[in-house]
Amino acid sequence: MIRLQRVTKRFAGGTEALHNVSLRVDAGALAFVTGPSGAGKSTLLRLIARLERPTRGRILVNGQDLETLPRRDVPGFRRGIGLVFQDHRLLLDRPVHANVALPLEILGFRRTEARKRVRASLDKVGLLQKENASPQTLSAGEQQRVGIARAIVHRPALLLADEPTGNLDPALSREIMELFLDFNRVGMTALIASHDLELIAALGRPMLHLENGRLEARQQPPAGKPA
Ligand code: ADP
């Protein structure tokens, strides 16, 4: 699903956010990207979503080489991806359902189909009963779940999440990770950046560890934990 071959990303100004990174995430897998702040996790996800371009190296997503992806095909490519951020950036003047419907509006979905999908998406994150609420009245964990509902409403094959539990307490963080595991069980591939090693080690999924833009040897799930 995702392949990086010797990818380096140097920003204008000289910062090398990623250095010679090669990795592979198979279709149907759920993997974590770990590493301290500044290690290059966001940059990695942004390259995979083609929000940034590599300085060197090759990136393939779903068999598509991003280097040769024609500009006109970028929107179609992005439609296959769901993005979750730490800061979910909900529109506070619109109810929950309208926030979740945004990607479908942009994609030109008919209203009846959009409404159906929005409800299905909110149901998946356990927030159907809050569809008419204002985001301001929701807890931090609920707001993050609205952001996740919005990220999956167009049913992407690949979910990229950047520190999705960054602002949440341990119990809520665990709930959010469980949601991603649920999505993965029904076939969504996921790559999740997190510095919360304690939480993700307990989940027993592959971890890709970045330090200073370099990928360290792939860590296996700790012995005795379910894979
Ligand atoms: P992480 O997500 O692990 O915290 P980032 O990918 O955000 O790391 O950042 C990696 C490095 O690249 C940092 O040194 C950061 O300051 C730098 N960086 C990230 N984005 C940019 C940018 N747009 N311009 C210049 N430097 C950047």
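What you are looking at is a predicted structure, and each value in this text was computed from that prediction instead of being measured. When reading the values below, keep in mind they use all heavy atoms of this one structure, side chains included, and skip hydrogens, waters and symmetry mates. Every number for a ligand or one of its atoms is a count from 1 in the order of the listing.
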Would [X] count as being in polar contact with ligand 1, using the rule that some N or O on each side must be under 3.5 angstrom apart?
X	result
E52	no
A17	no
A39	yes

Selected option - heavy-atom contact closest to atom 6 (O) of ligand 1, from T34, N212, T43, D162: T43
What is the closest protein heavy atom to [atom], and at what distance does it sit?
atom	answer
atom 10 (C) of ligand 1	G38 O, 3.4 Å
atom 7 (O) of ligand 1	S42 CB, 3.6 Å
atom 23 (N) of ligand 1	F11 CE2, 3.5 Å

Closer than 4.0 angstrom, basic N to acidic O: yes or no for [X] and [Y]?
X	Y	value
D162	K41	no
R119	E131	yes
D26	R24	yes

Strictly under 4.0 Å, does any heavy atom of G35 approach an atom of ligand 1? no
Results of side chain to side chain donor-acceptor pair (under 3.5 Å) for R94 - residues two or more places apart only: none
When you measure from atom 15 (C) of ligand 1 to the protein, is at least one non-hydrogen atom found at a distance under 4.0 Å? no
Is it true that, when you exclude R111 itself, more than 12 heavy atoms of the residues, nucleotides or ligands shown sit nearer than 6.0 Å to its CZ? no
Counting heavy atoms under 4.0 Å, the part of T15 that contacts ligand 1 is side chain
Mode of P36 contact toward ligand 1 - side chain, backbone, both, neither (heavy atoms, under 4.0 Å): backbone
Ignoring hydrogens and angles, write down the donor-acceptor pairs under 3.5 Å from the side chains of residues 7-20, residues two or more places apart or on other chains.
from : atom 1 : to  : atom 2 : distance (Å)
T8   : OG1    : N20 : N      : 2.9
K9   : NZ     : R53 : O      : 2.7
R10  : NH2    : E16 : OE2    : 2.8
E16  : OE1    : H19 : ND1    : 2.6

Side-chain heavy atoms of F180 within contact of P164, under 4.5 Å: yes
